[in-house]
Amino acid sequence: MPLESKYEITEREAHWREFWAKQNIYAFDETSDKPIFSVDTPPPYVSADHLHPGHIMSYSQAEFVVRFKRMQGYNVFYPMGFDDNGLPTERHVEKKYKIKNKDSISRSEFVKLCLEETQKGIQTYRNLWSLLGISVDWSKTYSSINTHSQKISQWSFLDLYRKGLLTQREDPIMWDISFQSALAQTDLEDSEQDSHLNDIVFTSQESGEQLIIATTRPELLPAAVALFFHPEDSRYQHLIGTKAITPISGHTVPILTDETVDKDFGTGLMMVCTWGDSEDIAKWKKYNLETRLIFNQKGILNELAGNYAGGHIIKLRQLILEDLKKQNLLVKQTPITHTVQVSERSGTPIEFILTKQWFINVVEHKEELLEQGKKLHWYPKRMFSIYADWVSSLKWDWCISRQRYYGVPIPVWYHKQTGEIIIPQEDELPVDPTEYTPRGYKAEDLIPEQDVLDTWMTSSMSPEIGAGLVSNPELTAKLFPSSLRPQAFEIIRTWLFYTVTKAYFHHNTLPFSDVMISGHGLDNQGRKISKRLGNFTPPEQTIANYGADAMRYWATGTTLGENIRFNEEEIKKGKKTVNKLFNAGKFAEMHLQNFTLPDQAPELELIDKWILAELNQTITLATESFEQYEYYKARTAIDQLFWNKFTDYYLELIKYRLYDETPEGQNSRLAAQYTLYVYIKSLLKLYAPILPFITEELYQGLFLENNTQNTSIHTSNWPQSNTAWQLSEEENNLMTDILAVVEAVRAYKSQNSISLGKEIESFTYTSTQDLSPYENFLAKALRVGKLMK
RNA sequence: GCGCGUAUAGCUCAGUUGGUUAGAGCGCAUCCUUGACGUGGAUGAGGUCAAUGGUUCGAAUCCAUUUAUGCGCACCA
């Protein structure tokens with residue numbers, strides 16, 4: 001199939017997209033006995049309304065390696081998942097349909113809306129990934145809310161429950177009062193906020209002495225349950241065993257000592273409440289303190305808040321401060337900036353309330369989970385420290401129940417009479433307890449669990465969910481653990497940690513052997529690309545302007561794990577590379593018209609051997625680099641080979657041979673054609689993982705006529721390095737001087753404003769070696785009448 | 001506060017285990033319409049490798065301290 005005269009990017013990319021889809025070349029071969037390379041593809045949140053260059057970057061970077069592996073002869077399993085349940089989708093639907101209060105809509109109605117939005121989101125992603133040429137097997141897709149995923153997610157729950165790793169406890173739990181749901185440690189975010197440190201007066205019940213404490217949360221005064229000071233603080237020894245009267249609410253609290261109290265903070269007296277932070281909870285547990293929870297799940301104050309009952313916790317601080325002032329009990333206010341933990345999704349500062357929730361016991365397994373993380377192959381290595389930091393700082397067990405609508409139901413019932421916890425049989429999964437009665441029970445005897453599972457409960461099973469997409473169980477077993485998990489560093493503490501945890505608890509294994517961690521996209525000023533800032537060009541637009549290959553080329557622009565700035569110049573460079581490749585292809589086509597590859601290589605000239613030696617080196621380097629997930633290194637090596645070795649030198653230096661139609665020039669011409677053929681074919685393959693479209697175009701156009709076996713460059717074999725293609729040291733030295741002569745002639749012409757194509761009479765070069773056998777070649781190639789030493 | 005990164009040409013970034021004159025692309029200057037390509041080509045200018053000190057025959061690279069900046073964790077009564 002001859003090449004067009006011009007490469008129409010948009011049209012040709014669309015053509016190849018269709019071709020690949022029709023030929024199904026990215027499909028996992030269930031019957032093959034080739035080694036498997038399986039990818040645990042990140043399932044993106046489908047509620048993302050706009051995809052940005054950051055998404056392009058991370059998915060492309062992983063995909064370069066996947067394409068490489070496919071060409072290396074692996075049977076690639078590359079599924080795609082979509083994370084569609086959980087808060088983000090609910091929020092999205094609430095916003096879009098202006099649902100302020102969930103009571104105004106039934107659970108099933110609401111879930112239906114979520115599913116509809118999910119489908120739209122999936123379509124958006126799918127369109128963009130196709131546009132970009134992401135080579136996933138679209139017949140292997142899942143969404144985290146579909147039956148398949150629910151089944152595995154609920155199985156995970158059952159398995160952990162049976163292993164005793166899962167418990168239901170009534171515990172203080174981090175709570176989002178605006179979304180009214182429990183949160184896990186990872187759902188939190190730090191937020192710098194301006195506030196005041198308030199010095200407030202308590203009164204000693206015994207002596208009437210004023211006891212001043214400092215707090216940033218005066219609204220929790222009605223929830224105060226104790227005062228503490230350091231056991232060695234001489235100022236307060238006389239208070240041991242006495243009580244203090246709380247201002248405003250008037251209740252009394254014990255005065256106790258604890259080593260963790262900082263003598264130098266404020267007055268050295270500390271108020272403990274139900275519960276301002278994790279320290280409060282720790283002391284509450286340690287000293288078995290009273291529980292004075294003053295608000296409910298919506299943040300509404302109860303009778304313990306006295307006169308304030310019925311109000312909202314968020315407004316209480318202001319009211320209490322005013323009342324304290326009136327009573328002269330607020331002695332000082334110091335403005336401070338401090339870090340407040342807020343819910344990542346709502347931005348609301350977290351509160352603690354007491355509820356019954358399901359927890360996975362991770363804290364007591366910290367050490368083992370750290371060990372598991374150590375066993376993974378991290379690319380780049382340093383990313384392990386983020387994992388290690390996180391695991392060793394774990395304070396809370398993983399709360400997996402959420403008081404939401406759109407999620408995988410917790411597969412549990414409670415027996416009305418006995419209170420017994422009832423779980424279904426595995427073959428009953430997936431179940432919605434609110435609509436299903438487990439075998440052997442009567443609906444009227446059971447209370448169904450209403451809560452759903454944390455969305456990470458499902459996505460942490462992604463390797464198993466992916467592996468389960470094939471038709472037979474034996475194959476599923478081969479697909480787990482996965483070969484590769486590509487992901488961004490922001491979700492090491494969530495997705496990665498939870499997946500490692502699950503694989504360890506369920507199968508006592510790692511979920512995958514390699515982890516490839518990408519950085520994130522930055523705008524051209526170095527700010528993180530985000531939906532909120534809107535600081536990005538939609539990828540669809542960039543692709544329309546420059547092509548998918550150019551966009552992908554940009555994604556190679558930095559080493560793995562580094563952030564990358566969106567830079568239109570880099571994309572232009574990608575487009576130029578595509579253009580240059582096309583033109584080189586056209587040149588090759590012109591000169592390979594009647595050429596067929598002979599069984600035996602013709603006798604090559606030094607320059608032919610040189611470019612093949614360069615090719616050989618690059619094959620070795622690119623292969624090693626891709627193996628190490630160093631696509632950047634591979635790309636620059638290939639760029640060098642193409643631009644700096646081939647187009648700058650080789651191509652220009654052999655033109656005269658290709659145009660030579662005289663009988664005595666035929667051997668030389670054949671050698672050049674042979675070299676050109678071998679070189680271009682390998683070069684295209686080297687570029688194929690990064691630039692799948694243009695390489696397919698040229699591969700099909702130049703090499704596929706007589707080759708019916710490989711339908712696509714992307715299923716062809718990765719080029720092998722060839723030991724025959726090596727220069728001896730002597731040849732190497734000769735080439736160095738030959739290229740120096742080339743440069744000298746070019747410099748001479750350039751400095752004298754002579755066109756390179758114009759023949760000059762003579763040129764005198766210097767070399768310590770005997771270049772006389774090559775003078776003729778150089779003279780012809782460089783258009784010099786006579787070349788002299 | 002602890003930990004992990006980053007700092008190299010005007011801009012965006014490479015630089016493997018320390019080894020001649022530190023690289024690329026873009027931008028800039030001068031020139032060339034050569035038969036794949038003007039979305040091109042040739043030549044060239046441009047760097048105290050954040051700072052200081054040290055190890056070494058030799059340091060962008062190793063060590064120490066410092067500065068700037070990003071991230072993770074902790075603190076945050």
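A quick note: this is a predicted structure, and the numbers were derived from the prediction, not measured. Throughout, protein chains are lettered first and strands after them, A, B, ... in sequence-line order, and every chain is numbered starting at 1.
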Regarding the side chain of Gln751(A), the nearest nucleotide among rG15(B), rU43(B), rA77(B) is rU43(B)
What is the nucleic acid contact for Val261(A), judged by heavy atoms within less than 4.0 Å: base, sugar-phosphate only, or nothing?
base
Quick check: does any side chain N or O of Arg552(A) sit under 3.5 Å from a backbone N or O of Ile690(A), one acting as donor and the other as acceptor?
yes
Sticking with atom C1', work out how far rU61(B) lies from rC75(B), rounded to a whole angstrom.
36 Å
What is the pairing partner of rC2(B), taking Watson-Crick or G-U wobble pairs with both distances under 3.5 Å in any strand?
rG72(B)
Just checking Phe489(A) against His520(A), ring centres under 6.0 Å apart?
yes
Glu652(A) side-chain proximity, nearest of rC37(B), rC32(B), rC73(B):
rC37(B)
Any side-chain N or O of His520(A) less than 4.0 Å from the OP1 or OP2 oxygen of rC71(B)?
no
With P as the reference atom in both, quote the distance from rU39(B) to rU48(B) in angstrom, rounded to an integer.
35 Å
Does Thr558(A) have a side-chain nitrogen or oxygen under 4.0 Å from the phosphate oxygens OP1 or OP2 of rA14(B)?
yes
Measure from the side-chain heavy atoms of Arg493(A) and tell me the nearest of rC76(B), rA14(B), rC73(B).
rC73(B)
Which one is paired to rA22(B), where only Watson-Crick or G-U wobble pairs with both distances under 3.5 angstrom count?
none
Report which part of the nucleic acid Ser392(A) touches: base, sugar-phosphate, or nothing (heavy-atom distance under 4.0 Å, all strands).
nothing
C1' atom, rG46(B) versus rG10(B): distance in rounded Å?
9 Å
Whole-angstrom distance between rU34(B) and rA42(B), as gauged at atom P
14 Å
So what does Lys580(A) hit on the nucleic acid, given a heavy-atom distance under 4.0 Å: a base, only sugar-phosphate, or nothing?
base
Does Lys576(A) have a side-chain nitrogen or oxygen under 4.0 Å from the phosphate oxygens OP1 or OP2 of rC26(B)?
yes
Would you indicate which nucleotide in rG72(B), rG41(B), rC76(B) comes nearest to any side-chain atom of Trp643(A)?
rG41(B)
Return yes if some donor-acceptor pair links the side-chain N/O of Glu589(A) with the main-chain N/O of Gly701(A) below 3.5 Å, else return no.
no
Centroid separation Phe626(A) to Phe64(A) less than 6.0 Å
no
Side chain of Met270(A): nearest nucleotide among rC37(B), rA42(B), rA77(B)?
rA77(B)
Considering only heavy side-chain atoms of Leu756(A), the closest of rC71(B), rC13(B), rA42(B) is rA42(B)
Could you tell me whether Arg783(A) contacts a base, only the sugar-phosphate backbone, or nothing, with contacts defined as non-hydrogen atoms closer than 4.0 Å?
base
Below 4.0 Å: OP1/OP2 of rA77(B) and any side-chain N or O of Arg217(A):
no
What parts of residues 382-391 of chain A reach RNA chain B, counting only heavy atoms under 4.0 Å away?
Arg382(A), Ser385(A), Asp389(A), Trp390(A)
For Ala584(A), report the nucleic acid contact type (base, sugar-phosphate, nothing); a contact means any heavy atom under 4.0 Å.
base
Taking atom P in both rA14(B) and rA9(B), compute the distance separating them and give it to the nearest angstrom.
12 Å
Side-chain N or O of Ser750(A) less than 4.0 angstrom from OP1 or OP2 on rG44(B)?
no
Tyr632(A) near the nucleic acid: base, sugar-phosphate alone, or nothing, with a heavy-atom cut-off under 4.0 Å?
sugar-phosphate
Using the P atom in both, what is the distance from rA64(B) to rU55(B), to the nearest Å?
15 Å
Taking the C1' atom in each of rC11(B) and rC2(B), what is the distance between them to the nearest angstrom?
35 Å
Pair Arg217(A) + Glu351(A): basic N to acidic O under 4.0 Å
yes
Mark yes or no: Lys573(A) above the aromatic ring of Tyr553(A), with NZ or CZ under 6.0 Å from the six-membered ring centre and no more than 45 degrees from the axis.
no
Assign Ile492(A) to base, sugar-phosphate, or nothing according to its heavy-atom contacts below 4.0 angstrom with the strands shown.
nothing
Regarding the side chain of Asp648(A), the nearest nucleotide among rA42(B), rU43(B), rC75(B) is rA42(B)
Below 30° counts as parallel, above 60° as perpendicular, anything between as tilted: where do the rings of Phe642(A) and Tyr687(A) land?
perpendicular
Lys573(A), nearest nucleotide to its side chain (from rC75(B), rG15(B), rA24(B)):
rA24(B)
